[in-house]
Amino acid sequence: MNVIVEREKGPLTELGDRIETLRARGMGGSSELEILEEKYRALLSDLFGHLTPWERVNMARHPKRPTASDYLAAFDRFDELHGDRHFRDDPALIGGFAKLRGRRIVFLAQQRGRDTKENIRRNFGMVSPEGYRKAKRLMELASRFGLPIVTLVDTSGADPGIASEEHAQSEAIAACLAALAKVNVPVVATIIGEGGSGGALAIALADTVIMAENSVYSVASPEGCAAILWGDSARASEAADRLKLTSDDLAGFGIVDRIVAEPLGGAHRDAPGFIASVLDTIDAELRALEHRPPVELRDARYRKFRRIGAWETQSREHATAALP
Amino acid sequence: MAIPEWLRRLREPGVDAEKDAALWAKCPSCGEMLYRKDLEANLSVCTKCTYHFRMHAYDRINMLVDGDFVEIGTEMLPGDPLGWVDKRPYPAKLESDRKKSNLSEAVVTGFATLDGFPVALGVMDFNFRGGTMGTVVGERIAHLLEEAHRRRLPCIVFTASGGARMEEGMLALMQMAKTTLAVERFMADGNLYMTVLTDPTTGGVSASFAFQSDIIMAESHASIGFAGRRVIEQTLRQKLPDNFQTAEFLLEKGAIDMVVPRHELRETIVRVLDYAVDRKRTMPALKAVPEFAT
Ligand SMILES: [Zn+2]
């Protein structure tokens, strides 16, 4: 059960239906419609004006939230490339050449399904080793031809199945990370929905990390975390509070560089408008990165992640300077 | 007459059990009661069934190095960046793990020689927070690789980890990126990087610096994988075969270079070093640092 979907039912839907009815009757601009619209905005604000971390997790998983293919529809063009050249093509990870705002890029994203049938085909956006190997191949391709890499992150995590273990999921993710560490081109990653752990990071070791306001990015799923901590996955909401997985939290830690604000009530309430502002942000970030020489890019990437973390220092005379 | 304190304590069943545990260890694999001194003398490998007990980081280092071990990175200690509390506050968990393990974090890093080969050595320990990777583990590994790089020494890391450390949230996950960048830079410059996967190696450590090396060895019977066995069983609602995610299973699937029993580890590592590294290179001025040369 999605708490956001539940909250959208009842008065909000009813009010929305009445507004639609009046609009359909050509009553736009009438005072009756204006009053209803005003009520609708106030109700939206009541319901979604302030979201808890757990509510944001549900927003990130909202069945109507735009997925990678919705973003792709707003690109100039996209030519999908398939397969890991070893075993199969993983539909949970899509990639290929694309043109965005006139710029040639290589695009990579986790793709959730819109309905049950597509979700089964796309494994709910949970990528298998073959998907990560395809991603690695395309990262290297981008680097060879000087094409910036744009990724969209939207996964609850890497696929945890038997076949994935047999095909060395760890190695596939590790190799994807290593490929991003060494590419000579700008990498811009955007968390558009759920950023689930290592399976998300595999395509997000980026020069710039953007996050949609209500997306989440977490070391473990709140359910998994609650199961480990209290042996009770029903306490996911408490776990979500502790994990610091919201865009604000992560910007505070220096893990996220830009946040794209969402319409009140979530990205799905104005998908085209929201997608346009995400693509504008990606475009601006690419413009800032694209003229930097490869060595400088890689050095900045190194320093960016080298800095992340917090620890305590014990003052010590014989620090590294005294070493061989 | 009152019973003397020492006698009363001796009579308590808990003390006997404690004393017993100090002297005897039960093999989790074959159930044999093993006399601890014999077990330790046998590198913590069951004398009956060759089950490999998990090893303390310093015991492992002692088993491997020629003599001195120059530890680095000890000035980096875990903080509490999220102000994490679950059943207990994170700092309290750290404190009890420090006492339990005699370690300041889940990895020990430093320099030593192996059969004369100077190397940078990182050894993780499951006894500290399940070997999970928080900021300090990531930082110490990256620091080790950078220091090894400066000296152009091969780097060997023994992994043992339950994955990224939940109590440090996304800061822990980001250590996967940090260590990857350090490994990549180190290897790109022609330096040898080896990993030895020990029981257990999973999650964020498995999916970063454990599997990015030139040579991947695994200790016999070690459990290795991305997703934890329990997670897979719960997701699929089926029981997994016993050999699933073992070192031997990974060897068969082609994911690792070799499976090595603990008794042959040192010798096997030295053989690889002998192929890949110029033996004439010596540890620069290790002995010149008085506070380190013991
Ligand atoms: Zn045994």
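Within every chain, numbering begins at 1; the chains are lettered A, B, ... in the order of the sequence lines, protein sequences first and strands thereafter.
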- Does any N or O in the side chain of A:E171 come within less than 3.5 Å of the main-chain N or O of B:A255, such that one atom is a donor and the other an acceptor? no
- Okay, B:L240 and chain A: the region with an atom under 4.5 Å from a heavy atom over there is side chain
- Message: Please evaluate residues A:E166 and B:F249 with respect to the criterion side-chain contact (heavy atoms from CB on, under 4.5 Å), reporting the C-alpha separation (whole Å), side-chain torsions for both, the decisive distance (0.1 Å), and the verdict.
- Response: CA-CA 8 Å; A:E166 286 177 340; B:F249 171 89; 3.5 Å; yes
- Do you know which two heavy atoms are closest between A:P160 and B:I232, and how far apart they sit? O-CG1, 3.3 Å
- Task: Below 4.5 Å from any heavy atom of chain A, which atoms of B:Q238 appear? Answer side chain, backbone, both or neither.
- Result: side chain
- Determine which residues belonging to residues 85-92 of chain B lie within contact range of chain A, meaning some heavy atom pair is under 4.5 Å apart, and list them by number or answer 'none'. B:V85, B:D86, B:K87
- Of the backbone (N, CA, C, O) and the side chain (C-beta and beyond), which part of A:L243 lies under 4.5 Å from a heavy atom of chain B, both, or neither? both
- Message: Testing the basics here: between A:W311 and B:V136, what is the closest heavy-atom pair and its distance to 0.1 Å?
- Response: CB-CG2, 3.5 Å
- Given a strict heavy-atom distance threshold of 4.5 Å, which part of B:P78 is in contact with chain A: side chain, backbone, both, or neither? backbone
- Checking heavy atoms, do the side chain of B:L82, its backbone, both or neither come under 4.5 Å from chain A? both
- Query: Does any heavy atom of chain B fall under 4.5 Å from the side chain of A:L229, the backbone, both, or neither of them?
  - Reply: both
- Check whether B:A182 gets within reach of chain A through its side chain, its backbone, both or neither, counting any heavy atom under 4.5 Å. both
- Steps toward side-chain contact (heavy atoms from CB on, under 4.5 Å) verdict (B:M166, A:I228): CA-CA 10 Å; B:M166 217 158 48; A:I228 294 168; 4.0 Å; yes
- Query: Distance from A:F305 atom CZ to B:T180 atom OG1, nearest 0.5 Å?
  - Reply: 10.0 Å
- Query: Quick one: CE on B:M176 to CG on A:L177, what's the gap to the nearest 0.5 Å?
  - Reply: 5.0 Å
- Over all atoms of both residues, closest heavy-atom pair of B:P81 and A:F253: O-CE2, 4.2 Å
- Note on the structure: Closest non-hydrogen contact found for A:A181 with B:L181 is CB-CD2, 3.6 Å
- Heavy-atom pair of closest approach, residues A:G309 and B:T135: CA-CG2, 3.5 Å
- Message: Are there over 12 heavy-atom neighbours, none belonging to B:K178, within less than 6.0 Å of that residue's NZ?
- Response: yes
- Message: Nearest 0.5 angstrom please: B:R185 CZ to A:R298 CZ, how far?
- Response: 8.5 Å
- Item | Spacing of A:R306 atom CZ and B:E146 atom CD [to the nearest 0.5 Å] | 4.0 Å
- Message: If I measure from the heavy atoms of chain B, does A:D299 come under 4.5 Å with its side chain, its backbone, both, or neither?
- Response: both
- Message: Let me confirm one number: the CE-CZ distance from B:M174 to A:R307, rounded to the nearest 0.5 Å.
- Response: 14.0 Å
- Query: Within a reach of under 6.0 Å around CG of B:D189, are more than 12 heavy atoms found that belong to other residues, nucleotides or ligands?
  - Reply: yes
- Is the shortest side-chain N to carboxylate O distance from A:R301 to B:E184 below 4.0 Å? no
- Item | Which atoms of B:E252 approach chain A - backbone, side chain, both or neither, heavy atom under 4.5 Å | neither
- Item | A:R242 with B:E167: basic N within carboxylate O range, under 4.0 Å | no
- Item | Neighbours of chain A found in residues 203-216 of chain B - heavy atoms under 4.5 Å | B:S206, B:A207, B:S208, B:F211, B:Q212
- pair B:M170-A:K244: side-chain heavy atoms closer than 4.5 Å: no
- Message: For the CD atom of B:E139 and the CD1 atom of A:I308, what is their distance to the nearest 0.5 Å?
- Response: 11.0 Å
